Amino acid sequence: MGGESPRAIKLCFDRLTCSFPNEPDDPMRDFVVTAHSDGVRIEVTVRTWGGDGLDVFLNELSEEFRGWSGARTWQSLERDLTLSAEHTGSRVQLTWGLHDRLPDDEWHFEATTNHALGKTCATSPSRCAASWPPSR
């Protein structure tokens with residue numbers, strides 16, 4: 001995610017793993033989110049409980065591409081990744097937050113991406129938001 005401008009920030013999602021691989025029914029999943037640009041690189045391991053409904057959140061944004069009022073929000077189990085979506089008329093503005101682990105919570109990083117509405121959003125939420133699920 002991110003453009004070719006010098007100020008572009010790229011967000012990458014990868015390394016999906018089971019949090020406790022020795023537990024056969026473990027619903028927790030971890031993945032890594034990396035935000036990088038010239039002069040900055042932030043990498044956060046995100047923990048979810050079966051995905052925490054991120055796929056549902058992104059699909060709902062896609063299905064309601066004609067609009068909504070206010071911000072819609074999502075956060076991972078331990079609040080390492082947050083997402084806020086606002087409909088601005090002809091676009092959806094997504095603010096991605098990467099956060100230090102609790103209880104420290106000493107820093108956070110946010111990047112905002114803008115996405116055109118229309119057929120692409122209606123048929124492919126992953127092209128309007130993020131690649132989900134992260135690659136294994």
Side-chain angles (χ1 to χ4, degrees):
M1 194 172 321
E4 296 302 319
S5 78
R7 296 177 57 198
I9 295 173
K10 295 186 179 184
L11 294 173
C12 303
F13 296 75
D14 65 346
R15 294 182 261 168
L16 178 64
T17 60
C18 292
S19 301
F20 302 99
N22 294 332
E23 298 293 326
D25 296 326
D26 176 29
M28 293 180 137
R29 298 291 178 266
D30 294 341
F31 60 92
V32 174
V33 179
T34 305
H36 60 93
S37 184
D38 292 341
V40 67
R41 180 182 175 86
I42 299 167
E43 189 171 280
V44 174
T45 300
V46 175
R47 176 156 290 165
T48 67
W49 184 269
D52 288 334
L54 180 56
D55 56 337
V56 173
F57 178 79
L58 294 174
N59 279 325
E60 286 174 354
L61 296 181
S62 170
E63 290 170 1
E64 298 180 26
F65 67 91
R66 288 186 178 82
W68 62 85
S69 60
R72 294 190 175 180
T73 60
W74 175 90
Q75 68 180 31
S76 62
L77 177 66
E78 295 180 353
R79 206 180 147 277
D80 356 64
L81 175 63
T82 58
L83 183 57
S84 174
E86 293 188 56
H87 193 282
T88 62
S90 62
R91 303 185 72 73
V92 172
Q93 197 172 60
L94 296 174
T95 301
W96 305 84
L98 302 177
H99 304 269
D100 192 13
R101 290 261 178 187
L102 295 172
D104 298 333
D105 202 24
E106 293 179 4
W107 60 267
H108 75 274
F109 172 84
E110 287 185 347
T112 300
T113 57
N114 290 290
H115 305 273
L117 298 172
K119 187 175 181 182
T120 302
C121 282
T123 59
S124 179
S126 63
R127 289 183 63 190
C128 291
S131 177
W132 187 260
S135 59
R136 292 178 187 245

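Just so we're clear, the structure is a prediction, and the values are computed from it rather than from any experiment. No hydrogens, no waters, no symmetry mates; every other heavy atom, side chains included, goes into these values.
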L94 vs V92, test: side chain to side chain contact (heavy atoms under 4.5 Å, CB included). Steps then yes/no. CA-CA 6 Å; L94 296 174; V92 172; 3.9 Å; yes
Does any part of the side chain of [Y], heavy atoms only, come nearer than 4.5 Å to the side chain of [X], both counted from C-beta?
{"X": "W96", "Y": "T82", "value": "no"}
{"X": "S76", "Y": "R47", "value": "no"}
{"X": "H36", "Y": "C12", "value": "yes"}
{"X": "V32", "Y": "T34", "value": "yes"}
{"X": "D52", "Y": "W74", "value": "yes"}
{"X": "L77", "Y": "M28", "value": "yes"}
{"X": "L81", "Y": "H99", "value": "no"}
{"X": "T48", "Y": "D30", "value": "no"}

Minimal non-hydrogen separation, P21 against C18, with atom names: CD-O, 3.7 Å
Taking the six-membered ring of W68 as reference, does the cationic atom of R72 (NZ for Lys, CZ for Arg) lie under 6.0 Å from its centre and within 45° of its axis?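 So R72 does make the cation-pi contact.
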As a quick check of understanding, evaluate side chain to side chain contact (heavy atoms under 4.5 Å, CB included) for L83 and T73, giving each step before the final call. CA-CA 6 Å; L83 183 57; T73 60; over 6 Å; no
For the pair R91 and E86, evaluate salt bridge (charged side-chain N to carboxylate O under 4.0 Å, His left out) and give the outcome as yes or no after the intermediate values. CA-CA 8 Å; R91 303 185 72 73; E86 293 188 56; over 6 Å; no
Between T112 and T95, does the side-chain hydrogen bond (donor to acceptor under 3.5 Å, both in side chains) criterion hold? Intermediate values first, please. CA-CA 4 Å; T112 300; T95 301; 3.2 Å; yes
Same cluster for V44 and F109 if Ile/Leu/Val/Met/Phe/Trp/Tyr side chains link at under 4.5 Å?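 V44 clusters together with F109.
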Under a 3.5 Å distance rule, please check whether [X] uses its side chain to pair with a backbone N or O of [Y] as donor and acceptor.
{"X": "D26", "Y": "F20", "value": "yes"}
{"X": "S37", "Y": "V40", "value": "no"}
{"X": "R41", "Y": "D38", "value": "no"}

Measure the CG-NE2 distance between D80 and H108 for me, rounded to the nearest 0.5 Å. 14.0 Å
To the nearest 0.5 angstrom, please state how far the NE2 atom of H115 sits from the CG atom of L61. 9.5 Å
Check the pair F13, V46 against side chain to side chain contact (heavy atoms under 4.5 Å, CB included), reporting the backbone distance first and the verdict last. CA-CA 10 Å; F13 296 75; V46 175; over 6 Å; no
Evaluate the criterion side chain to side chain contact (heavy atoms under 4.5 Å, CB included) for residue pair L16 and R29; output intermediate values, then yes/no. CA-CA 7 Å; L16 178 64; R29 298 291 178 266; 3.9 Å; yes
